[in-house]
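The structure presented is a predicted model; accordingly, all values stated were derived computationally and were not measured.
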Amino acid sequence: MTETTARDLFPGALEMMILESLRRQPAHGYALVQHIQQRSNNLLQVEEGSLYPALQRLLKAKLVKAEWGVSSTNRRVRTYQITAAGLRHLEQQISSFERMFEGIALVLNPGKSPAS
């Protein structure tokens, strides 16, 4: 398995991390990349070619909203903010992910009893 293959995310993981990041505070694209990279201790590298299509999907689904503004460096930036629908969606996705993760952990560690 190559290094890049080992870092591949499951479908919906990037969107879930974007929504979680935006739940903490509105942000522009570069700030989202930096936040995900820092929070993952540099284990996850989000490329612009993945980030912006994911943001467009979230905008289209009305899970985030965006507005244009000016950054602290006086550059035009699009700032994204999670919507109420996005918060509900995120909670559902986290719950589903936790169940999936528990199932995988049980398969990988058959001697351990399920969490109560």
Side-chain angles (χ1 to χ4, degrees):
M1 189 185 288
T2 66
E3 182 73 16
T4 4
T5 308
R7 289 179 165 191
D8 285 349
L9 299 173
F10 62 86
L14 178 56
E15 288 84 350
M16 192 167 42
M17 290 187 295
I18 290 169
L19 290 173
E20 179 59 36
S21 298
L22 293 175
R23 174 163 52 177
R24 298 173 189 281
Q25 70 180 34
H28 55 81
Y30 181 74
L32 287 168
V33 167
Q34 293 299 108
H35 181 258
I36 291 169
Q37 186 174 327
Q38 289 169 355
R39 293 289 297 173
S40 72
N41 290 330
N42 296 317
L43 291 172
L44 301 175
Q45 305 289 321
V46 178
E47 303 294 328
E48 287 184 20
S50 300
L51 177 74
Y52 290 104
L55 284 167
Q56 289 304 311
R57 289 190 296 273
L58 292 169
L59 278 167
K60 188 174 180 181
K62 300 193 183 320
L63 300 177
V64 299
K65 60 185 178 179
E67 55 185 51
W68 288 99
V70 178
S71 74
S72 58
T73 58
N74 209 27
R75 296 183 70 168
R76 192 166 184 244
V77 293
R78 195 168 191 194
T79 301
Y80 299 88
Q81 184 175 349
I82 193 168
T83 63
L87 284 170
R88 287 190 300 274
H89 180 78
L90 176 61
E91 290 300 327
Q92 292 168 347
Q93 292 300 303
I94 289 172
S95 176
S96 178
F97 172 76
E98 287 171 344
R99 285 192 311 276
M100 178 186 66
F101 187 76
E102 182 180 352
I104 291 170
L106 289 170
V107 171
L108 296 178
N109 301 302
K112 294 186 179 180
S113 62
S116 307

Taking Leu63's backbone N and O only, do any of them form a donor-acceptor pair with Thr83's side chain (distance below 3.5 Å, no angle check)? yes

Above 12 or not: heavy atoms from other molecules or residues under 6.0 Å from OH of Tyr30? no

Atom pair CD/CG of Glu15 and Leu58 - distance to nearest 0.5 Å: 5.5 Å

Co-membership, hydrophobic cluster, residues Met16 and Val33, 4.5 Å side-chain: yes

Have a look at Arg39 and tell me which of Gln34, Met17, Arg24 forms a side-chain contact (heavy atoms from CB on, under 4.5 Å) with it. Arg24

Rounded to the nearest 0.5 Å, how far apart are CG of Leu32 and CD1 of Ile18? 6.5 Å

Does Arg99 pair with Glu102 as a salt bridge, N-O distance under 4.0 Å? no

Atom NZ in Lys60, atom CG in Leu55: separation rounded to 0.5 Å? 15.0 Å

Just so I know, are the side chains of Val77 and Thr79 near enough to count as touching, which here means a heavy-atom distance under 4.5 Å? yes

Ile82 CD1 to Leu87 CG distance, which is reported to the nearest 0.5 Å: 4.0 Å

Taking every heavy atom of Ala27 against every heavy atom of Ala31, the minimum-distance pair comes out as CB-CB, 4.0 Å

Grab the two heavy atoms, one from Leu90 and one from Glu20, that are nearest each other, plus how far apart they are. CD2-OE1, 3.5 Å

Where is the tightest heavy-atom contact between Pro26 and Gln81, given as atom of each residue plus distance? CG-CG, 4.1 Å

Check: Ser95 side chain, Gln92 main-chain N or O, donor-acceptor pair, under 3.5 Å: no

Would Glu67 and Arg78 pass as an ion pair if we require N to O under 4.0 Å? no

Please find the pair of heavy atoms, one from Ser50 and one from Leu14, that lie closest to each other, and give the distance. O-CD2, 3.5 Å

Distance from His35 atom NE2 to Leu22 atom CG, nearest 0.5 Å? 9.5 Å

What's the separation between atom CG in Leu51 and atom OH in Tyr80, rounded to the nearest 0.5 Å? 7.5 Å

In one Ile/Leu/Val/Met/Phe/Trp/Tyr side-chain cluster, 4.5 Å: Val107, Phe97: no

Test side-chain contact (heavy atoms from CB on, under 4.5 Å) on Val70 and Arg75; report intermediate values, then the result. CA-CA 5 Å; Val70 178; Arg75 296 183 70 168; over 6 Å; no

Verify same cluster id: Val64, Ile94 (apolar side-chain graph, 4.5 Å): yes

Joint cluster assignment, Leu108 & Met100, ILVMFWY side-chain distance < 4.5 Å: yes

